[in-house]
Amino acid sequence: MQIPSNDRSLLLEMIVEHIDVPKSYYEKAADRHESLGRWLHRKESAVAQFDPDVRPQGSFRYGTVIRPINEGDEYDLDNVCLLQKLAKSVLTQEQLKHVYGEEIKAYAKANGMLAPVTEHHRCWRLSYADEIPFHLDTLPCVPEEEVIMCKIETMGVTWELARRLIAITDKRHPRYREVTLAWLSSNPRGFAAFFEQRAAMGRERMFQERQIRAAIEEVPPYEWKTTLQRSIQVMKRHRDVMFRNNCELAPISMVITNLAAQAYGGEPDLGTALLNIVDKMPRYVRSTAPRVPNPADPLEDYADKWSRDTRLIKSFWDWHTALKADLERLLILLGRTSLKADIRKLFLVDLTEDEVRQFPGGRSDRPSPIVKVAPAIAIPSASKPWGMHG
């Protein structure tokens, strides 16, 4: 049976609808960032004099959040707090981390947050106990030196992205307790701008098709829902299901998001976009460090953990191979009466009966298959290796 390829896109759109989160979650996340920003700017704040600029990062900024597969799992929020009027030459990383941490602890206390604020290598974590289980990782940083920005620009990064470079604290840094210019550089704000530029290709094509005219600045990126964002949501869900019993080996979302954004061509059809992205992703994985560089900072490696645990390299390619194969056989699954069970196995998504009936395998008017009963064959007792892969 010939299955139209647009049926595959329809199925993928349905999967996204099941794993997506409501707009209210994004709005709640935005409120968290804005609330922290107001706190840091209050008159009594120890960092207000440095003009703190809080910007969201991660999946809540990109519009690629998906529901967790386990009930009760927390959603990750990330932001970067740039102290715009502070130079790394006047204090140590440890001093900045401490001063910022005291403000975060005071914020938690003032807002009646019972969970303790925890310190991580680079950031501080706040845990919220309300109707939506969030935790927020907030990263303090200062502007990077212009000479380093210029160096990044000479590596092919536009100044628009290079100028967003920041210097970050990291407790593992050998000079963490010294006043030095040798801080780690990062460019999460530059990557966010890069991602939005890539997603905008699909957004503009989407708007042209629907004859919508709106400036990009008028709508938050998380509301765009381009085929890039939906493709990443499908990939992340496939990953979560595949590694649900080995979460520590799962490819991280930033690696997936980075590679997908670079491979994206603005295709308006979700099935076409996703297949092309998965096919092109390997082009942007390097054989040597940095393996998956930040397009806004080629010296920053989103796959830096691969050098410390080579199992992560194998798990990434195993996942990529499985994802590509599963996407290619979706057209076959659409013609099967087992479609609902097949999609649950791949994505832990329960399609409704109405949804299933939109595809050949779920239509009651499709020809009944001719079933031939095979003769019984006696099989001697043996081990069942397939039981290990169920």
Side-chain angles (χ1 to χ4, degrees), residues 29 32-33 36-37 40 46-47 50 52-62 74-84 86-108 115-128 134-145 148-149 152 164-192 248 252-255 257-258 289-294 296-309 312:
R32 298 290 188 225
H33 299 304
L36 181 58
L40 296 174
V47 299
F50 305 123
D53 179 29
V54 176
R55 298 293 179 94
Q57 300 297 330
S59 58
F60 270 92
R61 173 166 181 169
Y62 311 142
E74 292 185 336
Y75 290 92
D76 300 330
L77 292 181
D78 299 278
N79 68 35
V80 171
C81 178
L82 177 64
L83 302 174
Q84 301 178 96
L86 183 63
K88 60 184 180 180
S89 59
V90 301
L91 80 173
T92 68
Q93 296 177 51
E94 182 181 41
Q95 288 170 332
L96 171 58
K97 189 83 175 299
H98 174 75
V99 170
Y100 191 71
E102 292 303 303
E103 281 298 322
I104 298 304
K105 292 174 185 176
Y107 172 80
V117 174
T118 55
E119 182 178 10
H120 292 248
H121 292 306
R122 297 180 176 182
C123 65
W124 291 92
R125 175 170 293 181
L126 287 161
S127 294
Y128 297 86
F134 283 122
H135 69 248
L136 168 61
D137 290 338
T138 181
L139 173 72
C141 58
V142 298
E144 188 51 278
E145 298 171 275
I148 298 179
M149 296 178 186
I152 295 299
R164 301 169 191 262
L165 207 66
I166 57 174
I168 63 174
T169 68
D170 192 318
K171 294 181 68 175
R172 298 163 295 187
H173 195 280
R175 304 183 70 179
Y176 180 69
R177 294 179 173 84
E178 300 176 25
V179 175
T180 174
L181 297 179
W183 293 33
L184 290 178
S185 293
S186 182
N187 203 354
R189 300 186 308 152
F191 178 80
E248 71 282 359
I252 65 172
S253 293
M254 281 308 302
V255 166
T257 302
N258 182 346
R291 300 295 298 272
V292 182
N294 180 352
D297 180 2
L299 300 178
E300 182 176 15
D301 191 358
Y302 283 172
D304 58 344
K305 292 181 180 179
W306 290 9
S307 61
R308 299 192 291 271
D309 187 347
L312 298 176

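Because the structure is a prediction, the values reported are computed rather than measured. These values consider heavy atoms only, across backbone and side chains, with no hydrogens, waters or symmetry-generated copies.
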R175/W183 under side chain to side chain contact (heavy atoms under 4.5 Å, CB included): CA gap, chis, key distance, verdict: CA-CA 8 Å; R175 304 183 70 179; W183 293 33; over 6 Å; no
Please evaluate residues I152 and L165 with respect to the criterion side chain to side chain contact (heavy atoms under 4.5 Å, CB included), reporting the C-alpha separation (whole Å), side-chain torsions for both, the decisive distance (0.1 Å), and the verdict. CA-CA 9 Å; I152 295 299; L165 207 66; 3.9 Å; yes
Minimal non-hydrogen separation, N187 against N294, with atom names: O-ND2, 3.2 Å
For residues R189 and L82, determine if any side-chain heavy atom of one lies less than 4.5 Å from a side-chain heavy atom of the other. yes
So with a 6.0 Å cut-off around CZ of R55, is the heavy-atom count from everything else above 12? no
Heavy-atom check, side chain of Y107 versus side chain of L126, under 4.5 Å: yes
Would you call E94 and K171 a salt bridge, using N to O less than 4.0 angstrom? no
For the residue pair E300 / S186, report whether a side-chain donor-acceptor contact shorter than 3.5 Å exists. yes
For side chain to side chain contact (heavy atoms under 4.5 Å, CB included), just list the numbers for I166 and V142, CA-CA rounded to whole Å, side-chain angles, deciding distance to a tenth of an Å, and then say yes or no. CA-CA 6 Å; I166 57 174; V142 298; over 6 Å; no
Sub-3.5 Å donor-acceptor pair from the side chain of R122 to the main-chain atoms of T169, do we have one? no
Does some side-chain heavy atom of L96 sit less than 4.5 Å from a side-chain heavy atom of L86? yes
Does a salt bridge link E145 with K88, judged by any charged N lying under 4.0 Å from a carboxylate O? yes
Side chain to side chain contact (heavy atoms under 4.5 Å, CB included) assessment of W124 paired with K97: CA-CA 9 Å; W124 291 92; K97 189 83 175 299; 3.7 Å; yes
So that I can tick it off, tell me whether R164 and E144 are bridged by a salt bridge, with the cut-off set at under 4.0 angstrom between side-chain N and carboxylate O. no
Check whether any side-chain heavy atom of S185 lies under 4.5 Å from a side-chain heavy atom of L299, and answer yes or no. no
Does a donor on one side chain sit under 3.5 Å from an acceptor on the other, for T138 and Y100? yes
Evaluate the criterion ring-ring contact (aromatic ring centres under 6.0 Å, His included) for residue pair Y128 and Y75; output intermediate values, then yes/no. CA-CA 10 Å; Y128 297 86; Y75 290 92; over 10 Å; no
Find the distance between CG (L40) and CG (D53) and round it off to the nearest 0.5 Å. 10.5 Å
Beyond-backbone contact of T118 with R125, side-chain heavy atoms, under 4.5 angstrom: yes
For F50, check ring-ring contact (aromatic ring centres under 6.0 Å, His included) against everything at least two apart and list the hits. none
Between L77 and D137, is any pair of side-chain heavy atoms under 4.5 Å apart? no
Between D170 and H121, do the side chains contain an N or O donor and an N or O acceptor separated by less than 3.5 Å? no
Atom pair OG/CG of S59 and D78 - distance to nearest 0.5 Å: 7.0 Å
What I want to find out is whether E102 reaches K105 closely enough, with some N-O distance under 4.0 Å, to be called a salt bridge. yes
Pairwise side-chain contact, N79 with L139, heavy-atom cut-off 4.5 Å (strictly under): no
C141 SG to Q93 CD distance, which is reported to the nearest 0.5 Å: 12.0 Å
So does A46 get a backbone contact from the side chain of E103, meaning a donor-acceptor N/O pair under 3.5 Å? yes
Could you grab the distance from atom CD of E74 to atom CG of L136, nearest 0.5 Å is fine? 11.0 Å
Under 4.5 Å between any side-chain heavy atoms of F191 and Y62, yes or no? yes
Is atom NE2 of H98 surrounded by more than 12 heavy atoms (other residues, nucleotides or ligands) closer than 6.0 Å? no
